[in-house]
Amino acid sequence: MSDKQLSAISPQREEDFPEWYQQVIRAADLAENSEVRGCMVIKPWGYALWERMQAVLDRMFKETGHKNAYFPLFIPLSYLEKEAAHVEGFAKECAVVTHHRLEMKDGKLVPAGELAEPLVVRPTSETIIGAAYARWVKSWRDLPILLNQWANVVRWEMRPRLFLRTAEFLWQEGHTAHETREEAEAETMKMLRVYETFARDFLAVPVLTGEKSEGERFPGALRTYCIEAMVQDRKAIQAGTSHFLGQNFSKAAGIQFQGRDGAVQHAWTTSWGVSTRLIGTLIMAHSDDDGLVMPPRIAHTHVVIIPITPKEDSKAAVLKAAENLAKAIRATSFHGEPVAVDVDIRDLGGGVKSWEYIKKGVPLRMEIGPRDLAQGTAAVSRRDRPHKEKEFLPVADIPARVPAILDEIQSALLERATAFRESNSRKLDSKEDFYAFFTPANANKPEIHGGFALTHWNGSAAVEEQIKNDLKVTIRCIPFEESPEAGTCPFTGEPSKQRVIWAKSY
RNA sequence: CGGGGUGUAGCUUAGCUUGGUAGAGCGCCUGGUUUGGGACCAGGAGGUCGCAGGUUCGAAUCCUGUCGCCCCGACCA
């Protein structure tokens with residue numbers, strides 16, 4: 001099967017991207033759909049990625065002055081009603097608990113005790129955390145409150161996709177309350193920058209930062225900022241958001257305090273979050289037709305050593321050499337943490353094992369066999385290079401070289417993703433070019449097309465709505481970076497202050 | 001929730017029109033030969049054909065209902 005099959009994953013990206021995505025998840029053993037509609041089982045290999053993300057982000061949150069706390073899963077229905085825009089935004093996708101007891105009736109369990117007030121399973125926690133903050137805040141001296149919670153939330157989505165949109169998902173939600181508008185705005189931006197740094201330095205995913213248009217804003221927020229990534233089908237994915245909530249939620253929840261001047265006023269709040277969608281982003285950004293590719297800085301396993309033991313008489317020596325190599329590599333550190341090494345001693349063919357770790361995206365694979373033993377070498381293969389490529393390195397040199405190689409892989413992935421995004425981003429100045437850019441050549445079976453279009457825009461929600469209806473293209477963000485370049489909106493001919501980023505999105 | 005499609009072993013599926021209670025490939029298990037790029041040989045386990053009714057001597061196959069899933073639309077971290 002080796003030479004006939006061109007790649008480990010079928011179909012390939014070019015043939016059917018959504019199906020390829022599913023197959024990568026399956027081949028890498030990351031997760032599977034569960035018997036509960038829209039809910040996934042995250043398997044150990046996938047959950048370990050989430051744990052790595054948690055560990056890194058948690059440290060970054062702590063370094064920026066935040067602490068963790070935990071709030072209830074259930075939110076009284078009435079809390080959700082307090083902020084008008086918020087209700088409208090989330091009502092349709094809420095799971096509601098109306099009963100609290102089961103009784104056996106005719107051999108079947110039926111809900112018996114109806115709740116006086118229904119409880120909503122949190123789709124996000126602004127309201128219930130706001131209620132707590134209202135109790136905690138009395139004086140300007142109680143501010144700021146800088147908390148984060150790691151939690152699961154439920155949004156009854158119509159069309160679930162593993163990691164990208166599931167009914168239940170894991171995330172972190174930061175919720176802060178501040179004395180002044182300026183301080184809250186600064187917090188919103190600070191956390192956006194944390195996300196940007198995390199995506200770039202750990203996920204090797206370059207992201208655009210900017211503000212959401214009104215139509216894409218978080219329900220109840222004054223401003224929503226986002227990090228947007230381009231994945232390999234050239235669509236955009238929102239990888240994280242940071243919201244400046246103004247005083248909307250503090251007014252709804254009654255977060256009031258007496259200020260330095262003695263006047264009673266409402267706090268200024270923010271919220272910000274990233275979810276297990278980051279895993280989906282990671283998959284679509286880096287993986288190839290052979291499966292998952294884990295950037296080393298987010299990989300839970302950096303190196304896998306595969307002992308090749310064809311002969312019984314040399315087997316013990318090979319296994320021992322493999323263990324010794326693993327031990328020596330574990331003693332080195334990669335960005336301050338020990339390099340994570342696995343030795344796979346299962347009784348399987350070397351080829352089978354190699355392919356398994358290619359599919360699972362381990363950055364470095366090493367094979368060590370009797371011939372290597374004689375020569376004092378091991379075969380080293382990098383996941384960012386073609387799978388046939390292997391380099392025989394002296395075993396004695398390997399441990400010292402591993403961190404540097406991991407760094408090379410990390411930068412190679414970031415460079416590749418950045419180049420991909422750049423080559424699929426266009427400044428467009430006419431409506432015709434814009435529509436052509438987002439129209440596939442084959443409408444029945446659309447090929448991978450489009451990308452990021454940077455165009456002027458008159459700021460009108462009607463234009464955005466029209467384009468969304470015509471092409472399913474939306475404004476992903478109004479970038480900060482773009483130096484204000486006055487121009488003309490190609491859709492209306494009206495003046496525009498700057499270009500915005502358009503794309504099809506997940 | 002609206003439009004279309006589909007349901008046979010863990011996965012992919014043949015059989016259905018023209019009823020006679022299931023066959024394959026992959027995967028899995030055992031033994032042997034293998035192992036440096038997805039091995040081979042031999043043997044084996046696994047399905048009451050989504051579910052519930054109906055027609056019939058007899059239903060995977062025909063009829064009715066129901067549920068799940070997939071695709072398109074509205075929603076979305």
Side-chain angles (χ1 to χ4, degrees), chain A residues 1-10 16 18-19 22-23 26-27 32-33 35-38 88-94 122-124 151-161 163-173 195 212 215-216 218-219 224 226-229 237-243 271-281 290-291 306-312 314-315 318 346-359 365-375 377-379 381 386-390 392 444-446 468-469 472 474 505-506:
Chain A
M1 161 180 229
S2 55
D3 286 316
K4 275 180 246 166
Q5 195 159 344
L6 296 168
S7 63
I9 303 297
S10 174
D16 185 346
E19 183 59 24
Q22 302 279 111
Q23 293 303 328
R26 193 190 330 198
E32 63 187 25
N33 280 311
E35 47 279 78
V36 182
R37 190 186 166 280
E88 205 177 314
F90 284 107
K92 281 165 289 184
E93 50 192 58
C94 280
R122 64 182 164 217
T124 180
N152 57 340
V153 287
V154 167
R155 298 182 187 176
W156 215 257
E157 300 290 355
M158 286 291 92
R159 201 178 305 160
R161 285 190 75 189
F163 291 118
L164 299 175
R165 205 183 302 107
T166 46
E168 179 191 14
F169 58 93
L170 305 181
W171 78 345
Q172 60 67 217
E173 46 181 329
Y195 290 152
K212 283 291 185 194
E216 300 275 320
F218 176 77
T224 287
C226 60
I227 56 172
E228 291 280 331
I237 184 162
Q238 180 173 319
T241 48
S242 186
H243 313 293
S271 68
W272 28 273
V274 295
S275 70
T276 36
R277 173 180 266 197
L278 286 175
I279 298 176
T281 304
D290 288 325
I306 302 170
I308 306 293
T309 54
K311 295 183 188 98
E312 207 50 46
S314 59
K315 190 171 173 178
V318 169
R346 291 174 303 165
D347 184 21
L348 290 171
V352 175
K353 288 189 200 175
S354 274
W355 278 106
E356 180 175 328
Y357 295 108
I358 291 169
K359 288 186 283 193
R365 305 185 303 283
M366 297 181 188
E367 292 172 9
I368 185 159
R371 262 184 270 152
D372 298 300
L373 235 48
Q375 290 158 26
T377 59
S381 305
H387 61 78
K388 277 189 179 138
E389 213 173 289
K390 61 169 91 163
F392 288 87
N444 293 325
K445 192 178 177 299
K468 186 177 180 180
N469 289 338
K472 287 188 231 159
T474 50
S505 77
Y506 277 95

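Since we're looking at a predicted model, the values are computed, not measured. In what follows, every chain begins at residue 1, and chains take the letters A, B, ... in the order their sequences are listed.
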Under 4.0 angstrom, heavy atoms only, what part of the nucleic acid is [X] near: base, sugar-phosphate, or nothing?
X	result
L348(A)	base
T276(A)	nothing
S242(A)	nothing
T224(A)	nothing
Y357(A)	nothing
G351(A)	sugar-phosphate
K353(A)	nothing
E367(A)	base
L278(A)	nothing
G369(A)	base
A379(A)	base
K315(A)	nothing
R365(A)	base

Length of the [atom1]-[atom2] vector between [X] and [N], whole Å:
X	N	atom1	atom2	value
E216(A)	rC75(B)	CD	P	9 Å
Q22(A)	rC11(B)	CD	C1'	14 Å
Y506(A)	rC75(B)	OH	P	18 Å
E356(A)	rG27(B)	CD	P	14 Å
F163(A)	rA77(B)	CZ	P	19 Å
F392(A)	rG37(B)	CZ	C1'	11 Å
R26(A)	rU12(B)	CZ	P	6 Å
K472(A)	rC71(B)	NZ	P	13 Å

rG37(B) base / K390(A) side chain donor-acceptor hit below 3.5 Å: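 When only heavy-atom distances are counted, K390(A) does reach the base of rG37(B) through a donor-acceptor pair under 3.5 Å.
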E88(A) atom CD, over 12 foreign heavy atoms within 6.0 Å: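 No.
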Over 12 foreign heavy atoms within 6.0 Å of CD, E312(A):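 No - once you tally the heavy atoms of other residues, nucleotides and ligands closer than 6.0 Å, there are 12 at most.
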Per [X] side chain, nearest of listed nucleotides [options]:
X	options	answer
I358(A)	rG37(B), rG36(B), rA77(B)	rG37(B)
S354(A)	rG36(B), rA77(B), rG37(B)	rG37(B)
R155(A)	rA77(B), rC75(B), rU35(B)	rA77(B)
D372(A)	rU34(B), rA77(B), rG36(B)	rG36(B)
P370(A)	rA77(B), rG36(B), rG38(B)	rG36(B)

Nucleotide opposite [N] in a Watson-Crick or G-U pair, distances under 3.5 Å:
N	answer
rC57(B)	rG20(B)
rC28(B)	rG44(B)
rA39(B)	rU33(B)
rG7(B)	rC67(B)
rG73(B)	rC1(B)

Flag side-chain contact, heavy atom, 4.5 Å: W171(A) against R277(A):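 Sidechains of R277(A) and W171(A): no contact.
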Gap separating the OG atom of S381(A) from the NZ atom of K388(A), nearest 0.5 angstrom: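 Rounded to the nearest 0.5 Å, the OG-NZ separation comes to 12.5 Å.
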M366(A) side, atom CE; Y357(A) side, atom OH - distance, nearest 0.5 Å: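 So the gap between those two atoms works out to 14.0 Å.
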Pair K212(A) + E228(A): basic N to acidic O under 4.0 Å: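 Salt bridge flag = yes for E228(A) with K212(A).
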Gap in Å between the two P atoms, one belonging to rU64(B) and one to rU17(B), rounded: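 Each nucleotide's P atom is 15 Å from the other's.
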Inter-nucleotide P distance (rG5(B), rC63(B)), Å rounded: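 My reading of the P atoms in rG5(B) and rC63(B) gives 15 Å.
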W171(A) aromatic ring stacked with six-membered ring of rA77(B), 5.5 Å and 30°: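 A stacking contact does not exist, since W171(A) is not both close and nearly parallel to the base ring of rA77(B).
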K468(A) side-chain N/O to rC75(B) phosphate OP1/OP2 under 4.0 Å: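 Looking at the OP1 and OP2 atoms of rC75(B), one of them is under 4.0 Å from a side-chain N or O of K468(A).
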Phosphate OP1/OP2 of rC76(B): any K92(A) side-chain N/O under 4.0 Å: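 It does not, given that no N or O in the side chain of K92(A) lies less than 4.0 Å from OP1 or OP2 of rC76(B).
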Residue pair D372(A), T377(A): steps toward the side-chain hydrogen bond (donor to acceptor under 3.5 Å, both in side chains) verdict: CA-CA 5 Å; D372(A) 298 300; T377(A) 59; 2.9 Å; yes
Between S505(A) and Q238(A), a side-chain donor and acceptor under 3.5 Å: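 The criterion, which ignores hydrogens and geometry beyond distance, is not satisfied for Q238(A) and S505(A).
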